[in-house]
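Just so you know, ligand 1 is whichever comes first in the structure, and atom 1 is the first atom listed for that ligand.
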Amino acid sequence: MNRQPSAPDPSVVPFVVPCADRVTNLPPYVFATLFRMRDDALAAGREVFDLSVGNPDVRPAASVVGAITEAMNDETWNCHRYGTFNGLPRFREAIALWYYERFGVRLDPHTQALPLIGSKEGLANLMRAYLNPGDGIIIPSPCYPAYFGAAHLCEAEIYELKLREEDGYVPRLEDIPAEVAARSRMLILNYPNNPTGGVCDLAFFEKAVAWCKRHQVMLVSDAAYTELGFDTENPPPSVLQVPGAFDVAVEFQSLSKSHNLAGWRVGFVVGGSEPIANLGRLKSHVDFSLFGGIQMAAVNALRYGARTVKENRETYLGRRNQMVAGFRKLGWQVPSPAATLYIWARIPRAWGDDDFGFVRDVFAKTGVLVSPGSGFGVHGRGYARVSLVAPSATITRIMELLEGAGFDWS
Ligand SMILES: Cc1ncc(COP(=O)(O)O)c(C=O)c1O
């Protein structure tokens, strides 16, 4: 991860008042850089295949769209006004019911669940609620890049906990140095994992809960992909299934990928009532919760969305198989992930560790845009992530273009 201050943005017109250091010194967000490459190419009239962000191309269920429309036209409830800070009780009740049915975890909907304007918002605000400048935060590496910027805005000390391919991308907690454990207030875990597709079992969560209790560190489980595990006999667990987890853990969920609602911005956090209350308190000063119509659509998604989730899982499994087979045919020996909508692989030898160079070269020759591993943390260097966000016919075309590029993929 590049921790140098960002280069000046040429599109920014100088202003008389300088920006706060915490923003000036923000590392560049990898996807903003990629989007600029993509948009410049589109403006130049090039054909682009954007497999960089995990941005679902499938549409939400008709009933979810129907639910927001119904809410907007409801004469008995004016959802266009400001809502309540902690979200609609109906949404919190639907969250509690879904958690019980999916994980067997009982939640008090009034104190242990909080709707969020996407889990990205909630993760960043939880850090603001719990990290003082100089406090430590342990972030897996590679990881969802938004963790870095959010921690940076809190002026927290980041420790990147290495995820190794040979361990299935589950960290060795014993790798964490004693002084890091002592200064840290938060450990983030994300299973199923973005970008690696790694999964963990309940036994690992048990170890992690015990470690966090021993070191008095909050366990933040980012569970955005629990519904996209391909082994349906062993669906990914929730950390809250661990007895006593509520004393030390919170868990974030997102409807972005499971229900194709990425642009709507809807997620939630569940777990210990104290951190939920503190996050709610902070948020009451910075936002006004989600639009009521979106919350009613989310209620519909949680109650009746099992079919959408199943179809999504099957779609991503089919695409995974097609892409893995296509890459291997080219000579790029990518692993086959057990979950998520990503393929994570070491880049072909010809590029060494230069993942940005690999991304640039592939994009320049083919218009296919993937993500460079070093954007996901120092331990992502030399890797690339490919998102499964194109339909089968497009994947076929992408493979033809990649083959035609004439690279050595081995
Ligand atoms: C691991 C992980 N957490 C959180 C998010 C953010 O999801 P949301 O759309 O709910 O903000 C993402 C999005 O890609 C993600 O990959």
Side-chain angles (χ1 to χ4, degrees), residues 29-32 34-35 50-58 60 64 87 91 95 98 113-127 137 139-151 161 163 169-171 186-200 219-229 236 238-239 250-270 279 283 287 289-291 294-295 297-298 301-302 305 309 312 316 337 339-344 370-371 373 375-377 380 385-389:
Y29 194 54
V30 62
F31 296 124
L34 296 176
F35 279 9
D50 184 1
L51 307 181
S52 61
V53 175
N55 194 357
D57 54 309
V58 182
V64 173
F91 186 18
I95 292 167
W98 186 80
L114 183 67
L116 298 171
I117 309 167
S119 56
K120 183 179 184 186
E121 171 267 301
L123 284 157
N125 277 327
L126 185 74
M127 289 186 205
I137 177 169
I139 294 180
S141 176
C143 69
Y144 173 48
Y147 303 149
F148 291 120
L161 176 60
L163 304 183
Y169 295 111
V170 176
M186 214 176 249
L187 164 69
I188 299 191
L189 294 175
N190 163 225
Y191 290 99
N193 183 260
N194 172 14
T196 66
V199 290
C200 80
L219 198 169
V220 177
S221 165
D222 179 358
Y225 298 95
T226 51
E227 304 320 289
L228 294 182
S238 157
V239 77
V250 293
E251 187 158 84
F252 286 82
Q253 281 281 351
S254 167
L255 276 72
S256 294
K257 325 285 168 153
S258 53
H259 295 82
N260 309 321
L261 292 170
W264 291 38
R265 313 309 302 129
V266 51
F268 55 89
V269 59
V270 293
L279 176 57
K283 276 169 61 59
D287 67 54
S289 193
L290 297 86
F291 172 48
I294 292 182
Q295 296 190 62
L302 290 179
V309 173
N312 277 343
Y316 290 124
T340 75
L341 52 152
Y342 308 110
I343 291 173
W344 175 254
V370 303
S371 296
F376 298 83
R385 192 192 75 174
V386 185
S387 301
L388 305 172
V389 291

Partners passing salt bridge (Lys or Arg N to Asp or Glu O under 4.0 Å) against Glu227 (at least two apart in sequence or in another chain):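 For Glu227, the residues satisfying salt bridge (Lys or Arg N to Asp or Glu O under 4.0 Å) (neighbours in sequence not counted) are Arg102.
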Distance in Å, Cys143 SG paired with Asn190 CG, rounded so as to fall on 0.5 Å steps: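 The distance works out to 8.0 Å.
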Within the 6.0 Å centroid threshold, strictly below: Trp344 and Phe376: yes
Asn125 (side chain) donor-acceptor with Lys283 (main chain) under 3.5 angstrom: no
Side-chain donor or acceptor of Glu251 paired with backbone N/O of Val239 under 3.5 Å: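 Side chain of Glu251 to backbone of Val239, a donor-acceptor pair under 3.5 Å: yes, one is there.
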Protein residues having a heavy atom less than 4.0 Å from any atom of ligand 1: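 Contacts of ligand 1 under 4.0 Å: Gly118, Ser119, Lys120, Tyr144, Tyr147, Asn190, Asn194, Asp222, Ala224, Tyr225, Ser254, Ser256, Lys257, Arg265.
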Ring geometry between Tyr144 and Tyr147 (parallel below 30°, tilted from 30 to 60°, perpendicular above 60°): perpendicular
